[in-house]
Amino acid sequence: MPELPEAETIARGLRAPLLGRSIEDVEVLKEDLLSVPKAEFRASLRHRSVHGVGRRGKNVVVEVGPGSARGGDVDRLVVNLGMSGRLLRRRPAEPAPLPGHTGLHFRLDDGSALIYRDVRRFGRLAVLPPDAYRDWSRGLGPEPLADGFRARHLIGALSRSRSPVRSWLLDQRRIAGVGNIYANEALARARIHPGRAARDLSPDEGRTLHRVLRSVLREAIDAGGTTLRDYRTAEGSEGSYADALRVYGREGHPCTRCAGTIVRIRLGGRSAFLCPRCQPAGQQHDSRRRTRPT
DNA sequence: ATCGTGACCTGGCTGC
DNA sequence: TGCAGCCAGGTCACGA
């Protein structure tokens, strides 16, 4: 669930409370969330201050500066939330026991805390020095909301792949941050069948996909993300974009555009949702008709 | 190289 | 009510 808009919402919610705080200690309750031994992870974060909170793809990125007694670099704590990960802020006055499935507990110098909770434990956390972060980031595709991400880049990249366009959108090496919900929603708005080969899309369809993908992601960020079950913001509240979904999870319901019935198909081992009337398989839309799908 | 499939882990829902 | 079976937003490794 946590895709780009959810990671962005969490990062924004953590920025003000975390900025300038120092990490007093890290308690690791679920070591399998880490790729290094917990002692090493703990040592890499203790007594370091938070310089920034951002996002790359679906990952929340916390920049930690050098601790008081050490010189050196700004490292980054990269949090991949997997399917059910939550990053929750605890205010100083909240004593409360840790919630179930808490994996990590970061104690901050103002008495507040940051909790990583993950029921399914598909999430991963790592502290990366600058060069390792650069390598990791280079392995991800472009940010779809970046100013430099233009329609021609998307069209060019799509034209080189025979993969079904929905699978293409899910591949983080090709484009960062898109998951199953927003891939399905963008394709529905662009009226493109998710199973069509990426390279078979017309340039017009590529331009449309570029536009609607960005608008879907922006609207979802404005709504605080999509809560279907697990996702919560840093304050523990739900995102409201589920109300705006047109196809995802709406199997059997009417299409908001043509009143046809939304169906679910299996594609690459996972569910895809579409309106068969608005998103016909195998053929392209008439490019002379300059309709503006929304 | 590219693409598709299954595994990872746990909880919630459905249907018998 | 109990329980087996199925499903889930993500990523990774493997084999065709």
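Per chain, numbering begins at 1; letters A, B, ... match sequence-line order. Computed from a predicted structure; not experimentally measured.
For A/Arg264 and A/Ser271, the side-chain atoms include at least one donor-acceptor pair closer than 3.5 Å. In this structure, a donor-acceptor pair under 3.5 Å is present between the side chains of A/Arg56 and A/Ser137.
The distance from atom CG of A/Leu170 to atom P of B/dC3 is 13 Å, rounded to the nearest whole Å. Across the protein-nucleic acid pair, A/Arg199 atom CZ and B/dA1 atom C1' stand 13 Å apart, rounded to whole Å. Atom CZ in A/Arg86 sits roughly 13 Å away from atom P in B/dG11 (whole-Å rounding). Atom-to-atom, CG of A/Asp32 to P of B/dC8 comes out at 13 Å; the value is rounded to the nearest Å. One can place CG of A/Leu228 at 13 Å from C1' of C/dC7, the figure rounded to the nearest angstrom. Following rounding to the nearest Å, A/Tyr231 (OH) and C/dG10 (C1') show an atom-to-atom distance of 16 Å. Put simply, CD1 on A/Ile181 is 12 Å from P on C/dA8, counting in whole angstrom units. B/dT5 atom C1' lies 13 Å from atom CZ of A/Arg166, rounded to whole Å.
Here A/Arg121 lies in heavy-atom contact (under 4.0 Å) with sugar-phosphate atoms only. Using a 4.0 Å heavy-atom cutoff across all strands shown, A/Arg174 reaches sugar-phosphate atoms only and no base atom. Note on A/Arg162: only backbone sugar-phosphate atoms sit closer than 4.0 angstrom, heavy atoms only; bases stay farther off.
A donor-acceptor pair under 3.5 Å links the side-chain atoms of A/His153 to the main chain of A/Gly148, judged by distance alone.
Scanning atom types as modelled, no donor and acceptor separated by under 3.5 angstrom connect the side chain of A/Arg229 and the base of C/dA8.
As the counterpart of B/dC9, no nucleotide is assigned, since no Watson-Crick or G-U wobble pattern has both distances under 3.5 Å.
Applying the 4.0 Å criterion to OP1 and OP2 of B/dC9, one finds that A/His101 has every side-chain N and O outside that range. For the OP1/OP2 pair of C/dG10 and a distance below 4.0 Å, the side-chain nitrogens and oxygens of A/Arg270 include at least one atom meeting the criterion. Under 4.0 angstrom from either OP1 or OP2 of C/dT11 there lies at least one side-chain N or O belonging to A/Lys58. Side-chain nitrogen and oxygen atoms of A/Arg266 include at least one within less than 4.0 Å of the OP1 or OP2 phosphate oxygen of C/dA8. An OP1 or OP2 oxygen of C/dA8 is reached within less than 4.0 angstrom by a side-chain nitrogen or oxygen of A/Arg264. Contact between the side-chain N/O atoms of A/Ser161 and the OP1/OP2 oxygens of B/dC3 is found at a separation under 4.0 Å. Note on A/Ser271: every side-chain N or O is 4.0 Å or more away from OP1 and OP2 of C/dC7.
Here A/Phe122 lies parallel enough and close enough to stack on the base of B/dC8, with planes under 30° and ring centres under 5.5 Å apart.
Taking atom P in both B/dC9 and C/dC14, the straight-line distance is 16 Å, to the nearest Å.
Using a 4.0 Å cut-off between charged nitrogen and carboxylate oxygen, A/Asp118 and A/Arg121 do not count as a salt-bridge pair. Of the charged side-chain nitrogens involved, none lies within less than 4.0 Å of a carboxylate oxygen, so that A/Arg250 and A/Glu185 do not count as a salt-bridged pair.
In the set C/dT11, B/dC3, C/dA8, the nucleotide with an atom closest to the side chain of A/Arg120 is C/dA8.
You'll find the ring centres of A/Tyr116 and A/His105 outside the 6.0 Å limit.
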